[in-house]
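Numbering of residues begins at 1 and proceeds along the displayed sequence.
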Amino acid sequence: MKTDIKVEADRLAADPRISDYDFWRSLKNLNYEIFTIANNNEPIPFAMIRWRAILKQARMKRGHA
């Protein structure tokens, strides 16, 4: 699983069609969705956690924390 996340993050970070703003906005939206689900005491889908890790790694590869 860890290698899947790394491969996907590398692929997204290298894609010139995705702007830094796109990464930031996607991560912000995803974090909001996870927060909303958690506040409703519902289970957070594993896919959301996985995509959050991918987006964070891709942003870091682009030089943003």
Before you tell me yes or no, could you show the steps for Ser19 and Asp22 under side-chain contact (heavy atoms from CB on, under 4.5 Å), namely the whole-Å CA-CA distance, both residues' side-chain angles and the distance that decides it to 0.1 Å?
CA-CA 5 Å; Ser19 71; Asp22 292 332; 3.1 Å; yes
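A distance of 12.5 Å separates CG in Leu30 from NZ in Lys28, rounded to the nearest 0.5 Å. To the nearest 0.5 angstrom, Ile34 atom CD1 is 12.5 Å from Asn39 atom CG. Rounding to the nearest 0.5 angstrom, the gap separating the CG atom in Leu55 from the CZ atom in Arg50 is 10.5 Å.
Across every non-hydrogen atom of Ala13 and Lys61, the tightest pair is CB-CB, 3.8 Å. Closest of all the heavy-atom pairs between Leu27 and Lys56 is CD2-CG, 3.9 Å. Across every non-hydrogen atom of Ala9 and Ala58, the tightest pair is O-CB, 3.7 Å. The minimum heavy-atom distance linking Gln57 with Lys6 is given by the pair OE1-CA, 3.8 Å.
A donor-acceptor pair under 3.5 Å is absent between the side-chain atoms of Asp15 and the main chain of Leu12, judged by distance alone. The backbone N or O of Phe23 sits nowhere less than 3.5 Å from a side-chain atom of Arg59 that would complete a donor-acceptor pair.
Considering only residues two or more places apart in sequence or on other chains, Asn40 meets the side-chain contact (heavy atoms from CB on, under 4.5 Å) condition with Thr36, Glu42. Looking at residues two or more places apart in sequence or on another chain, you find a ring-ring contact (aromatic ring centres under 6.0 Å, His included) between Tyr21 and Trp24.
The side-chain heavy atoms of Arg25 and Asn29, taken from C-beta on, include a pair separated by under 4.5 Å. Residues Pro45 and Ile37 are in side-chain contact: their nearest non-hydrogen atoms beyond the backbone lie under 4.5 Å apart. Side-chain contact between Ile54 and Trp51 is present, with at least one heavy-atom pair separated by less than 4.5 Å.
Ile44 is not connected to Phe35 by any chain of hydrophobic side-chain contacts under 4.5 Å among Ile, Leu, Val, Met, Phe, Trp and Tyr, and they are in different clusters.
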